[in-house]
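Lettering of chains follows the sequences in order, A, B, ..., and the numbering in each one begins at 1. Computed over heavy atoms, backbone and side chain alike; hydrogens, waters and symmetry mates excluded.
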Protein chains: 2
Amino acid sequence: MGSDRFPDPPAGRARLSRPRVLRAAIDLVDREGLAALTMRSLATDLGVEPMALYRYADGKQALLDGMVEAFYAEVNDLLRADAEVPPPSTDEAGDGGWRAALHRIARAFCQVADAHPAVFPLVATRPLSLPLARRPLPMLQLNEQVLALLDRAGLDDRATLRLYRAVVGWVIGYLLVDKRQVIDNPEEPEPLLRLGLHRLPAEQYPRLRALAALLVEHDPEAELAAGLDILLDRLGG
Amino acid sequence: MGSDRFPDPPAGRARLSRPRVLRAAIDLVDREGLAALTMRSLATDLGVEPMALYRYADGKQALLDGMVEAFYAEVNDLLRADAEVPPPSTDEAGDGGWRAALHRIARAFCQVADAHPAVFPLVATRPLSLPLARRPLPMLQLNEQVLALLDRAGLDDRATLRLYRAVVGWVIGYLLVDKRQVIDNPEEPEPLLRLGLHRLPAEQYPRLRALAALLVEHDPEAELAAGLDILLDRLGG
DNA sequence: ACCTGAACACCGTTCAAGT
DNA sequence: ACCTGAACACCGTTCAAGT
(Lines give C-alpha, C1' and ligand atoms only; values in the text may rest on other atoms or scores of the structure.)
Protein backbone atom coordinates (compact mmCIF):
# COMPACT_ATOMS: atom_id res chain seq x y z
CA MET A 1 0.00 0.00 0.00
CA GLY A 2 3.01 2.30 0.20
CA SER A 3 3.02 3.99 -3.20
CA ASP A 4 5.54 6.76 -3.88
CA ARG A 5 2.93 9.49 -3.75
CA PHE A 6 1.75 8.62 -0.27
CA PRO A 7 4.86 7.49 1.63
CA ASP A 8 4.50 5.84 4.99
CA PRO A 9 6.32 8.20 7.34
CA PRO A 10 9.27 6.78 9.36
CA ALA A 11 6.70 4.80 11.34
CA GLY A 12 6.43 4.75 15.10
CA ARG A 13 6.39 8.40 16.09
CA ALA A 14 4.28 9.88 13.27
CA ARG A 15 0.55 10.00 13.88
CA LEU A 16 -0.83 9.43 10.40
CA SER A 17 -0.05 7.11 7.50
CA ARG A 18 -1.95 6.00 4.44
CA PRO A 19 -2.67 2.50 5.78
CA ARG A 20 -3.85 3.98 9.07
CA VAL A 21 -6.17 6.42 7.28
CA LEU A 22 -7.64 3.72 5.04
CA ARG A 23 -8.08 1.30 7.90
CA ALA A 24 -9.85 3.98 9.95
CA ALA A 25 -12.13 4.73 6.98
CA ILE A 26 -13.07 1.06 6.65
CA ASP A 27 -13.60 0.76 10.41
CA LEU A 28 -15.90 3.77 10.35
CA VAL A 29 -17.93 2.38 7.44
CA ASP A 30 -18.12 -1.06 9.09
CA ARG A 31 -19.46 0.59 12.24
CA GLU A 32 -21.78 3.29 10.91
CA GLY A 33 -22.27 2.72 7.19
CA LEU A 34 -21.07 4.46 4.06
CA ALA A 35 -23.23 7.54 4.57
CA ALA A 36 -21.47 8.27 7.86
CA LEU A 37 -18.08 8.55 6.17
CA THR A 38 -17.15 12.20 5.69
CA MET A 39 -13.73 13.78 5.65
CA ARG A 40 -14.69 15.44 8.90
CA SER A 41 -15.97 12.35 10.72
CA LEU A 42 -12.93 10.38 9.61
CA ALA A 43 -10.64 13.17 10.81
CA THR A 44 -12.38 13.18 14.18
CA ASP A 45 -11.90 9.42 14.48
CA LEU A 46 -8.19 9.90 13.84
CA GLY A 47 -7.95 12.85 16.23
CA VAL A 48 -6.85 15.20 13.51
CA GLU A 49 -8.10 18.15 11.42
CA PRO A 50 -9.93 17.25 8.16
CA MET A 51 -7.26 18.80 5.96
CA ALA A 52 -4.61 16.53 7.40
CA LEU A 53 -6.16 13.65 5.45
CA TYR A 54 -5.39 15.27 2.11
CA ARG A 55 -1.75 14.29 2.49
CA TYR A 56 -2.77 10.61 2.32
CA ALA A 57 -5.60 10.74 -0.19
CA ASP A 58 -6.23 13.39 -2.83
CA GLY A 59 -9.81 14.00 -1.71
CA LYS A 60 -12.97 12.11 -0.92
CA GLN A 61 -13.14 10.26 -4.25
CA ALA A 62 -9.53 9.14 -3.93
CA LEU A 63 -10.26 8.04 -0.38
CA LEU A 64 -13.04 5.77 -1.65
CA ASP A 65 -10.68 4.31 -4.24
CA GLY A 66 -8.17 3.84 -1.46
CA MET A 67 -10.71 1.78 0.46
CA VAL A 68 -11.11 -0.51 -2.56
CA GLU A 69 -7.33 -0.76 -2.61
CA ALA A 70 -7.32 -1.72 1.08
CA PHE A 71 -10.06 -4.29 0.43
CA TYR A 72 -7.99 -6.05 -2.23
CA ALA A 73 -4.87 -5.77 -0.06
CA GLU A 74 -6.77 -7.63 2.66
CA VAL A 75 -7.74 -10.35 0.19
CA ASN A 76 -4.11 -10.69 -0.87
CA ASP A 77 -2.93 -10.85 2.75
CA LEU A 78 -5.45 -13.58 3.48
CA LEU A 79 -4.24 -15.56 0.47
CA ARG A 80 -0.60 -15.17 1.48
CA ALA A 81 -1.51 -16.32 4.99
CA ASP A 82 -3.11 -19.60 3.94
CA ALA A 83 -0.51 -20.18 1.27
CA GLU A 84 1.86 -20.73 4.20
CA VAL A 85 -0.37 -23.55 5.42
CA PRO A 86 -0.54 -25.56 2.18
CA PRO A 87 -3.07 -28.39 1.90
CA PRO A 88 -1.77 -31.97 2.52
CA SER A 89 -1.37 -32.78 -1.17
CA THR A 90 0.88 -30.28 -2.93
CA ASP A 91 -0.48 -31.18 -6.35
CA GLU A 92 -4.06 -30.84 -5.31
CA ALA A 93 -6.03 -32.46 -8.09
CA GLY A 94 -3.52 -33.47 -10.72
CA ASP A 95 -4.30 -30.41 -12.85
CA GLY A 96 -1.52 -28.40 -11.26
CA GLY A 97 -3.97 -27.19 -8.66
CA TRP A 98 -5.08 -24.12 -10.61
CA ARG A 99 -8.69 -24.94 -10.04
CA ALA A 100 -8.29 -25.26 -6.30
CA ALA A 101 -6.25 -22.05 -6.30
CA LEU A 102 -9.13 -20.21 -7.96
CA HIS A 103 -11.50 -21.54 -5.36
CA ARG A 104 -9.18 -20.31 -2.63
CA ILE A 105 -9.18 -16.85 -4.18
CA ALA A 106 -12.95 -16.81 -4.44
CA ARG A 107 -13.25 -17.92 -0.82
CA ALA A 108 -10.85 -15.26 0.39
CA PHE A 109 -12.71 -12.59 -1.59
CA CYS A 110 -15.94 -13.82 -0.06
CA GLN A 111 -14.53 -13.71 3.47
CA VAL A 112 -13.33 -10.12 3.12
CA ALA A 113 -16.69 -9.11 1.64
CA ASP A 114 -18.38 -10.67 4.67
CA ALA A 115 -16.05 -8.82 7.00
CA HIS A 116 -16.85 -5.46 5.37
CA PRO A 117 -20.34 -5.72 3.87
CA ALA A 118 -20.82 -1.95 3.71
CA VAL A 119 -17.55 -1.54 1.81
CA PHE A 120 -18.39 -4.16 -0.79
CA PRO A 121 -20.64 -1.91 -2.93
CA LEU A 122 -17.60 0.31 -3.43
CA VAL A 123 -15.55 -2.68 -4.57
CA ALA A 124 -18.27 -3.64 -7.02
CA THR A 125 -18.84 -0.21 -8.54
CA ARG A 126 -15.86 2.16 -8.07
CA PRO A 127 -13.58 0.43 -10.61
CA LEU A 128 -16.22 1.29 -13.22
CA SER A 129 -14.91 4.83 -13.32
CA LEU A 130 -11.21 3.94 -13.32
CA PRO A 131 -9.28 2.99 -16.46
CA LEU A 132 -7.63 -0.40 -16.02
CA ALA A 133 -4.12 0.89 -15.57
CA ARG A 134 -5.18 3.32 -12.87
CA ARG A 135 -6.78 0.70 -10.68
CA PRO A 136 -5.35 0.02 -7.25
CA LEU A 137 -2.19 -2.10 -7.37
CA PRO A 138 -3.50 -4.86 -5.07
CA MET A 139 -6.46 -5.23 -7.42
CA LEU A 140 -4.20 -5.50 -10.47
CA GLN A 141 -2.05 -8.02 -8.64
CA LEU A 142 -5.04 -10.23 -7.95
CA ASN A 143 -6.23 -9.83 -11.55
CA GLU A 144 -2.82 -10.90 -12.81
CA GLN A 145 -2.82 -13.89 -10.48
CA VAL A 146 -6.24 -15.05 -11.71
CA LEU A 147 -5.15 -14.66 -15.34
CA ALA A 148 -1.98 -16.64 -14.66
CA LEU A 149 -4.02 -19.45 -13.09
CA LEU A 150 -6.50 -19.54 -15.96
CA ASP A 151 -3.59 -19.82 -18.38
CA ARG A 152 -2.94 -23.27 -16.98
CA ALA A 153 -6.28 -24.41 -18.37
CA GLY A 154 -4.54 -24.41 -21.74
CA LEU A 155 -7.00 -22.13 -23.52
CA ASP A 156 -6.19 -19.62 -26.21
CA ASP A 157 -6.12 -15.93 -25.31
CA ARG A 158 -9.70 -15.20 -26.33
CA ALA A 159 -11.11 -18.11 -24.37
CA THR A 160 -8.96 -17.23 -21.38
CA LEU A 161 -10.39 -13.74 -21.28
CA ARG A 162 -13.93 -15.03 -21.71
CA LEU A 163 -13.43 -17.32 -18.74
CA TYR A 164 -11.78 -14.52 -16.78
CA ARG A 165 -14.75 -12.20 -17.26
CA ALA A 166 -17.12 -15.03 -16.35
CA VAL A 167 -15.28 -15.87 -13.13
CA VAL A 168 -14.96 -12.28 -11.92
CA GLY A 169 -18.52 -11.43 -12.91
CA TRP A 170 -19.89 -14.52 -11.21
CA VAL A 171 -18.15 -13.93 -7.91
CA ILE A 172 -19.04 -10.24 -7.69
CA GLY A 173 -22.60 -10.72 -8.93
CA TYR A 174 -23.33 -13.63 -6.64
CA LEU A 175 -22.03 -11.79 -3.58
CA LEU A 176 -24.02 -8.70 -4.52
CA VAL A 177 -27.26 -10.66 -4.83
CA ASP A 178 -26.61 -12.78 -1.76
CA LYS A 179 -25.90 -9.80 0.48
CA ARG A 180 -29.26 -8.37 -0.51
CA GLN A 181 -30.93 -10.53 2.12
CA VAL A 182 -31.57 -7.52 4.28
CA ILE A 183 -33.82 -7.90 7.23
CA ASP A 184 -36.77 -5.58 7.68
CA ASN A 185 -37.57 -6.16 11.34
CA PRO A 186 -34.78 -8.02 13.20
CA GLU A 187 -36.99 -8.49 16.30
CA GLU A 188 -39.50 -10.67 14.44
CA PRO A 189 -38.75 -14.39 14.94
CA GLU A 190 -40.80 -15.58 11.95
CA PRO A 191 -38.43 -15.41 8.93
CA LEU A 192 -41.26 -14.64 6.54
CA LEU A 193 -42.33 -11.64 8.56
CA ARG A 194 -38.73 -10.62 9.19
CA LEU A 195 -38.39 -9.96 5.50
CA GLY A 196 -41.53 -7.84 5.63
CA LEU A 197 -43.28 -10.11 3.17
CA HIS A 198 -46.70 -9.76 4.72
CA ARG A 199 -46.76 -6.46 2.86
CA LEU A 200 -46.62 -8.28 -0.47
CA PRO A 201 -50.06 -8.98 -1.96
CA ALA A 202 -50.14 -12.76 -2.41
CA GLU A 203 -52.31 -12.62 -5.52
CA GLN A 204 -49.79 -10.54 -7.44
CA TYR A 205 -46.62 -12.21 -6.16
CA PRO A 206 -47.49 -15.86 -5.56
CA ARG A 207 -44.05 -17.30 -6.29
CA LEU A 208 -42.17 -14.58 -4.42
CA ARG A 209 -44.30 -15.12 -1.33
CA ALA A 210 -44.17 -18.89 -1.53
CA LEU A 211 -40.41 -19.04 -1.89
CA ALA A 212 -39.43 -16.12 0.32
CA ALA A 213 -39.36 -18.26 3.45
CA LEU A 214 -36.61 -20.34 1.84
CA LEU A 215 -34.69 -17.29 0.65
CA VAL A 216 -32.72 -17.03 3.85
CA GLU A 217 -31.90 -20.73 4.06
CA HIS A 218 -28.99 -21.43 1.79
CA ASP A 219 -25.26 -21.92 1.91
CA PRO A 220 -23.69 -18.97 0.08
CA GLU A 221 -20.14 -20.33 0.09
CA ALA A 222 -21.25 -23.65 -1.37
CA GLU A 223 -23.45 -22.07 -4.03
CA LEU A 224 -20.72 -19.67 -5.06
CA ALA A 225 -18.26 -22.54 -5.37
CA ALA A 226 -20.74 -24.68 -7.29
CA GLY A 227 -21.39 -21.93 -9.82
CA LEU A 228 -17.67 -21.34 -10.18
CA ASP A 229 -17.13 -25.03 -10.95
CA ILE A 230 -19.89 -25.00 -13.52
CA LEU A 231 -18.33 -22.06 -15.34
CA LEU A 232 -14.84 -23.57 -15.15
CA ASP A 233 -16.15 -26.89 -16.47
CA ARG A 234 -17.98 -25.47 -19.42
CA LEU A 235 -15.79 -22.52 -20.32
CA GLY A 236 -12.50 -24.02 -19.23
CA GLY A 237 -12.51 -26.74 -21.85
CA MET B 1 -45.12 3.91 -11.19
CA GLY B 2 -48.17 5.65 -9.74
CA SER B 3 -48.14 4.50 -6.10
CA ASP B 4 -50.72 6.00 -3.72
CA ARG B 5 -48.15 8.09 -1.90
CA PHE B 6 -46.93 9.90 -5.00
CA PRO B 7 -50.03 10.36 -7.14
CA ASP B 8 -49.70 11.53 -10.71
CA PRO B 9 -51.61 14.81 -10.77
CA PRO B 10 -54.55 15.13 -13.22
CA ALA B 11 -51.92 15.19 -15.99
CA GLY B 12 -51.66 17.79 -18.71
CA ARG B 13 -51.78 21.03 -16.82
CA ALA B 14 -49.68 20.22 -13.73
CA ARG B 15 -45.96 20.86 -14.03
CA LEU B 16 -44.49 18.06 -11.97
CA SER B 17 -45.20 14.35 -11.54
CA ARG B 18 -43.22 11.45 -10.13
CA PRO B 19 -42.47 9.90 -13.55
CA ARG B 20 -41.37 13.31 -14.82
CA VAL B 21 -39.07 13.84 -11.83
CA LEU B 22 -37.53 10.38 -12.12
CA ARG B 23 -37.07 10.69 -15.85
CA ALA B 24 -35.37 14.06 -15.40
CA ALA B 25 -33.08 12.55 -12.75
CA ILE B 26 -32.07 9.73 -15.09
CA ASP B 27 -31.55 12.17 -17.96
CA LEU B 28 -29.32 14.31 -15.80
CA VAL B 29 -27.23 11.34 -14.68
CA ASP B 30 -26.99 10.05 -18.26
CA ARG B 31 -25.72 13.46 -19.34
CA GLU B 32 -23.44 14.49 -16.48
CA GLY B 33 -22.90 11.49 -14.23
CA LEU B 34 -24.12 10.49 -10.78
CA ALA B 35 -22.03 13.09 -8.97
CA ALA B 36 -23.83 15.89 -10.82
CA LEU B 37 -27.20 14.82 -9.45
CA THR B 38 -28.21 17.06 -6.56
CA MET B 39 -31.67 18.08 -5.43
CA ARG B 40 -30.78 21.58 -6.57
CA SER B 41 -29.43 20.69 -10.03
CA LEU B 42 -32.42 18.44 -10.66
CA ALA B 43 -34.79 21.22 -9.55
CA THR B 44 -33.08 23.63 -11.94
CA ASP B 45 -33.48 21.15 -14.80
CA LEU B 46 -37.19 20.99 -14.04
CA GLY B 47 -37.50 24.75 -13.69
CA VAL B 48 -38.63 24.48 -10.09
CA GLU B 49 -37.42 25.14 -6.54
CA PRO B 50 -35.54 22.26 -4.82
CA MET B 51 -38.21 21.76 -2.19
CA ALA B 52 -40.85 21.09 -4.84
CA LEU B 53 -39.19 17.70 -5.45
CA TYR B 54 -40.00 16.51 -1.95
CA ARG B 55 -43.59 15.98 -2.93
CA TYR B 56 -42.51 13.26 -5.39
CA ALA B 57 -39.65 11.66 -3.48
CA ASP B 58 -39.06 11.69 0.26
CA GLY B 59 -35.51 12.99 -0.07
CA LYS B 60 -32.30 12.28 -1.94
CA GLN B 61 -32.07 8.63 -0.86
CA ALA B 62 -35.67 7.97 -1.89
CA LEU B 63 -34.94 9.70 -5.20
CA LEU B 64 -32.10 7.26 -5.86
CA ASP B 65 -34.41 4.35 -5.06
CA GLY B 66 -36.94 5.91 -7.39
CA MET B 67 -34.38 5.85 -10.18
CA VAL B 68 -33.91 2.11 -9.65
CA GLU B 69 -37.69 1.82 -9.82
CA ALA B 70 -37.71 3.73 -13.11
CA PHE B 71 -34.92 1.51 -14.45
CA TYR B 72 -36.94 -1.66 -13.81
CA ALA B 73 -40.07 -0.01 -15.16
CA GLU B 74 -38.16 0.64 -18.40
CA VAL B 75 -37.12 -3.01 -18.56
CA ASN B 76 -40.72 -4.09 -18.07
CA ASP B 77 -41.91 -1.67 -20.75
CA LEU B 78 -39.36 -3.05 -23.17
CA LEU B 79 -40.51 -6.60 -22.44
CA ARG B 80 -44.15 -5.70 -22.90
CA ALA B 81 -43.27 -4.02 -26.19
CA ASP B 82 -41.59 -7.03 -27.75
CA ALA B 83 -44.16 -9.41 -26.31
CA GLU B 84 -46.54 -7.76 -28.77
CA VAL B 85 -44.28 -8.87 -31.60
CA PRO B 86 -44.03 -12.56 -30.70
CA PRO B 87 -41.45 -14.72 -32.49
CA PRO B 88 -42.69 -16.84 -35.44
CA SER B 89 -43.03 -20.04 -33.41
CA THR B 90 -45.30 -19.55 -30.40
CA ASP B 91 -43.86 -22.56 -28.58
CA GLU B 92 -40.30 -21.52 -29.09
CA ALA B 93 -38.27 -24.58 -28.22
CA GLY B 94 -40.75 -27.15 -27.07
CA ASP B 95 -40.03 -26.47 -23.42
CA GLY B 96 -42.86 -24.00 -23.15
CA GLY B 97 -40.46 -21.25 -24.11
CA TRP B 98 -39.39 -20.44 -20.56
CA ARG B 99 -35.76 -20.56 -21.52
CA ALA B 100 -36.21 -18.17 -24.40
CA ALA B 101 -38.29 -15.92 -22.16
CA LEU B 102 -35.45 -15.73 -19.65
CA HIS B 103 -33.06 -14.80 -22.45
CA ARG B 104 -35.43 -12.05 -23.53
CA ILE B 105 -35.49 -10.67 -20.01
CA ALA B 106 -31.71 -10.75 -19.75
CA ARG B 107 -31.42 -9.00 -23.10
CA ALA B 108 -33.89 -6.30 -22.11
CA PHE B 109 -32.08 -5.75 -18.82
CA CYS B 110 -28.84 -5.49 -20.74
CA GLN B 111 -30.28 -2.96 -23.18
CA VAL B 112 -31.55 -0.68 -20.43
CA ALA B 113 -28.19 -0.93 -18.63
CA ASP B 114 -26.48 0.12 -21.86
CA ALA B 115 -28.89 3.03 -22.26
CA HIS B 116 -28.14 4.28 -18.73
CA PRO B 117 -24.63 3.12 -17.79
CA ALA B 118 -24.23 5.70 -15.03
CA VAL B 119 -27.49 4.59 -13.42
CA PHE B 120 -26.57 0.91 -13.40
CA PRO B 121 -24.35 1.05 -10.28
CA LEU B 122 -27.44 2.22 -8.39
CA VAL B 123 -29.41 -0.73 -9.70
CA ALA B 124 -26.66 -3.09 -8.60
CA THR B 125 -26.14 -1.71 -5.11
CA ARG B 126 -29.17 0.24 -3.81
CA PRO B 127 -31.39 -2.82 -3.24
CA LEU B 128 -28.74 -3.97 -0.74
CA SER B 129 -30.14 -1.57 1.81
CA LEU B 130 -33.80 -2.29 1.14
CA PRO B 131 -35.70 -5.20 2.67
CA LEU B 132 -37.28 -7.33 -0.04
CA ALA B 133 -40.83 -6.19 0.52
CA ARG B 134 -39.85 -2.54 0.33
CA ARG B 135 -38.20 -2.82 -3.05
CA PRO B 136 -39.66 -0.92 -6.00
CA LEU B 137 -42.75 -2.58 -7.42
CA PRO B 138 -41.41 -2.90 -10.99
CA MET B 139 -38.40 -4.75 -9.53
CA LEU B 140 -40.65 -7.14 -7.58
CA GLN B 141 -42.77 -7.68 -10.68
CA LEU B 142 -39.74 -8.71 -12.69
CA ASN B 143 -38.52 -10.93 -9.84
CA GLU B 144 -41.91 -12.64 -9.74
CA GLN B 145 -41.85 -13.13 -13.48
CA VAL B 146 -38.40 -14.75 -13.40
CA LEU B 147 -39.47 -17.05 -10.56
CA ALA B 148 -42.59 -18.05 -12.46
CA LEU B 149 -40.51 -18.89 -15.53
CA LEU B 150 -38.01 -20.92 -13.53
CA ASP B 151 -40.89 -22.91 -12.04
CA ARG B 152 -41.48 -24.37 -15.46
CA ALA B 153 -38.11 -26.09 -15.26
CA GLY B 154 -39.83 -28.49 -12.84
CA LEU B 155 -37.39 -28.08 -9.98
CA ASP B 156 -38.25 -28.20 -6.30
CA ASP B 157 -38.39 -24.94 -4.35
CA ARG B 158 -34.82 -25.04 -3.08
CA ALA B 159 -33.37 -25.72 -6.51
CA THR B 160 -35.56 -23.04 -8.04
CA LEU B 161 -34.20 -20.45 -5.63
CA ARG B 162 -30.64 -21.60 -6.21
CA LEU B 163 -31.10 -21.15 -9.93
CA TYR B 164 -32.84 -17.82 -9.38
CA ARG B 165 -29.91 -16.44 -7.38
CA ALA B 166 -27.50 -17.77 -9.99
CA VAL B 167 -29.34 -16.14 -12.90
CA VAL B 168 -29.74 -12.75 -11.22
CA GLY B 169 -26.18 -12.77 -9.90
CA TRP B 170 -24.77 -13.74 -13.26
CA VAL B 171 -26.55 -11.02 -15.21
CA ILE B 172 -25.73 -8.24 -12.76
CA GLY B 173 -22.15 -9.38 -12.19
CA TYR B 174 -21.40 -9.82 -15.86
CA LEU B 175 -22.77 -6.39 -16.75
CA LEU B 176 -20.83 -4.81 -13.90
CA VAL B 177 -17.55 -6.34 -15.02
CA ASP B 178 -18.16 -5.72 -18.69
CA LYS B 179 -18.97 -2.04 -18.21
CA ARG B 180 -15.63 -1.64 -16.47
CA GLN B 181 -13.96 -1.26 -19.85
CA VAL B 182 -13.40 2.41 -19.25
CA ILE B 183 -11.19 4.30 -21.59
CA ASP B 184 -8.25 6.29 -20.26
CA ASN B 185 -7.49 8.47 -23.26
CA PRO B 186 -10.25 8.40 -25.89
CA GLU B 187 -8.08 10.31 -28.39
CA GLU B 188 -5.51 7.50 -28.62
CA PRO B 189 -6.21 5.21 -31.61
CA GLU B 190 -4.10 2.29 -30.32
CA PRO B 191 -6.44 0.21 -28.08
CA LEU B 192 -3.61 -0.88 -25.81
CA LEU B 193 -2.63 2.70 -25.14
CA ARG B 194 -6.24 3.80 -24.86
CA LEU B 195 -6.56 1.66 -21.76
CA GLY B 196 -3.44 3.32 -20.36
CA LEU B 197 -1.63 0.01 -20.18
CA HIS B 198 1.77 1.42 -21.00
CA ARG B 199 1.79 2.46 -17.36
CA LEU B 200 1.70 -1.18 -16.27
CA PRO B 201 5.19 -2.64 -15.70
CA ALA B 202 5.33 -5.65 -18.04
CA GLU B 203 7.54 -7.68 -15.70
CA GLN B 204 5.00 -7.62 -12.90
CA TYR B 205 1.87 -7.96 -15.00
CA PRO B 206 2.81 -10.11 -17.99
CA ARG B 207 -0.61 -11.73 -18.51
CA LEU B 208 -2.56 -8.53 -17.94
CA ARG B 209 -0.43 -6.69 -20.50
CA ALA B 210 -0.50 -9.53 -23.00
CA LEU B 211 -4.24 -9.96 -22.90
CA ALA B 212 -5.29 -6.36 -22.44
CA ALA B 213 -5.36 -5.68 -26.16
CA LEU B 214 -8.04 -8.36 -26.50
CA LEU B 215 -10.03 -7.06 -23.53
CA VAL B 216 -12.02 -4.66 -25.66
CA GLU B 217 -12.76 -7.17 -28.40
CA HIS B 218 -15.64 -9.31 -27.30
CA ASP B 219 -19.36 -9.65 -27.74
CA PRO B 220 -20.98 -8.88 -24.39
CA GLU B 221 -24.51 -9.91 -25.39
CA ALA B 222 -23.32 -13.28 -26.66
CA GLU B 223 -21.13 -13.98 -23.64
CA LEU B 224 -23.89 -13.06 -21.25
CA ALA B 225 -26.28 -15.36 -23.07
CA ALA B 226 -23.73 -18.19 -23.18
CA GLY B 227 -23.14 -17.98 -19.43
CA LEU B 228 -26.85 -17.90 -18.81
CA ASP B 229 -27.30 -21.08 -20.85
CA ILE B 230 -24.53 -22.80 -18.99
CA LEU B 231 -26.14 -22.03 -15.64
CA LEU B 232 -29.58 -23.04 -16.88
CA ASP B 233 -28.21 -26.31 -18.26
CA ARG B 234 -26.39 -27.33 -15.14
CA LEU B 235 -28.63 -25.92 -12.44
CA GLY B 236 -31.90 -26.29 -14.30
CA GLY B 237 -31.82 -30.08 -14.41
C1' DA C 1 -52.73 20.61 -3.19
C1' DC C 2 -48.65 22.35 -4.89
C1' DC C 3 -44.90 25.24 -4.81
C1' DT C 4 -41.79 29.18 -2.99
C1' DG C 5 -38.10 31.31 -0.20
C1' DA C 6 -35.42 32.02 3.58
C1' DA C 7 -32.78 29.69 6.91
C1' DC C 8 -29.78 26.00 9.19
C1' DA C 9 -26.47 22.53 9.83
C1' DC C 10 -23.19 20.15 7.37
C1' DC C 11 -20.20 18.97 3.57
C1' DG C 12 -15.62 18.93 0.48
C1' DT C 13 -12.01 21.77 -0.52
C1' DT C 14 -8.98 26.36 -1.06
C1' DC C 15 -5.59 28.88 0.86
C1' DA C 16 -2.42 30.82 4.08
C1' DA C 17 -0.29 30.01 8.24
C1' DG C 18 2.02 27.52 11.79
C1' DT C 19 5.87 24.27 13.54
C1' DA D 1 7.28 17.56 5.98
C1' DC D 2 3.15 17.54 8.36
C1' DC D 3 -0.64 19.56 10.34
C1' DT D 4 -3.86 23.60 11.78
C1' DG D 5 -7.62 27.01 11.23
C1' DA D 6 -10.32 30.12 8.99
C1' DA D 7 -12.95 30.71 4.95
C1' DC D 8 -15.87 29.62 0.71
C1' DA D 9 -19.13 27.53 -2.21
C1' DC D 10 -22.33 24.05 -2.11
C1' DC D 11 -25.26 20.50 -0.24
C1' DG D 12 -29.80 18.19 1.86
C1' DT D 13 -33.47 19.42 4.56
C1' DT D 14 -36.58 22.26 8.15
C1' DC D 15 -40.05 25.33 8.49
C1' DA D 16 -43.30 28.89 7.54
C1' DA D 17 -45.46 31.18 4.00
C1' DG D 18 -47.77 31.86 -0.30
C1' DT D 19 -51.58 30.70 -3.86
Side-chain angles (χ1 to χ4, degrees), chain A residues 1-26 28-29 31-68 118 122 126 129, chain B residues 1-26 28-29 31-68 118 122 126 129:
Chain A
M1 247 179 311
S3 82
D4 333 356
R5 302 201 50 210
F6 308 107
D8 307 4
R13 199 177 40 79
R15 292 198 37 67
L16 252 43
S17 72
R18 185 161 159 87
R20 221 165 86 75
V21 168
L22 297 182
R23 209 178 317 266
I26 289 184
L28 197 158
V29 170
R31 268 184 355 250
E32 311 180 37
L34 248 185
L37 176 70
T38 69
M39 297 303 269
R40 290 163 196 263
S41 65
L42 178 56
T44 306
D45 270 21
L46 287 162
V48 99
E49 294 297 311
M51 286 312 297
L53 302 175
Y54 283 74
R55 206 156 276 280
Y56 304 96
D58 277 340
K60 176 90 183 266
Q61 300 308 310
L63 177 70
L64 297 178
D65 291 331
M67 293 170 70
V68 175
L122 289 180
R126 295 268 335 154
S129 40
Chain B
M1 248 179 312
S3 83
D4 332 357
R5 301 200 50 210
F6 308 107
D8 306 6
R13 199 179 41 79
R15 293 199 36 67
L16 252 43
S17 72
R18 185 163 159 85
R20 221 165 87 75
V21 168
L22 298 182
R23 209 178 316 267
I26 289 185
L28 198 157
V29 169
R31 269 185 353 253
E32 311 180 36
L34 248 185
L37 176 70
T38 69
M39 296 304 270
R40 288 163 197 264
S41 65
L42 178 56
T44 306
D45 270 20
L46 287 162
V48 100
E49 294 297 311
M51 286 312 297
L53 302 175
Y54 283 73
R55 206 157 275 280
Y56 305 95
D58 275 339
K60 176 87 182 266
Q61 300 308 309
L63 178 69
L64 297 179
D65 292 330
M67 293 169 71
V68 175
L122 289 180
R126 296 268 336 155
S129 39

Exercise. What string of B, S and - do you get for nucleotides 5-19 of chain D, 5' to 3', if B is base contact, S is sugar-phosphate-only contact and - is no contact with any protein heavy atom under 4.0 Å?
Worked result: B-----BBBBB----
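Under the rule for a side-chain contact (heavy atoms from CB on, under 4.5 Å), A:E49 has no partner lying at least two apart in sequence or in another chain. Residues passing the side-chain contact (heavy atoms from CB on, under 4.5 Å) test with A:A118, sequence neighbours excluded: A:V29.
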Exercise. How does DNA chain C read in dot-bracket, base by base from 5' to 3', with Watson-Crick or G-U pairs under 3.5 Å and | used when the partner is on another strand?
Worked result: ||.|||||...|||||.||
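Ionic pairing of A:R31 and A:D45 is present here: one or more N-O contacts between side-chain nitrogen and carboxylate oxygen are shorter than 4.0 angstrom.
Here C:dC3 presents its C1' atom at 9 Å from CG of B:L16, a figure rounded to the nearest Å. Between the P atom of D:dA1 and the CZ atom of A:R18 lies a distance of 19 Å, rounded to the nearest Å.
When atom types are taken as modelled, the side chain of B:R15 and the backbone of B:L46 share a donor-acceptor pair closer than 3.5 angstrom.
Annotation: side chain of B:Q61 is in contact with side chain of B:R126 (closest heavy-atom distance under 4.5 Å). Side chains of A:L122 and A:D65 form no contact here, defined as non-hydrogen atoms less than 4.5 Å apart. Inter-residue side-chain proximity for A:L64 and A:V68 is flagged as unmet; no heavy-atom pair is nearer than 4.5 Å.
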Give the table of side-chain donor-acceptor pairs shorter than 3.5 Å for residues 32-39 of chain B, with sequence neighbours excluded, one pair per line with atom names and distance.
{"unit_1": "B:T38", "atom_1": "OG1", "unit_2": "B:R40", "atom_2": "N", "d": "3.3"}
{"unit_1": "B:T38", "atom_1": "OG1", "unit_2": "B:S41", "atom_2": "N", "d": "2.9"}
{"unit_1": "B:T38", "atom_1": "OG1", "unit_2": "B:S41", "atom_2": "OG", "d": "3.2"}

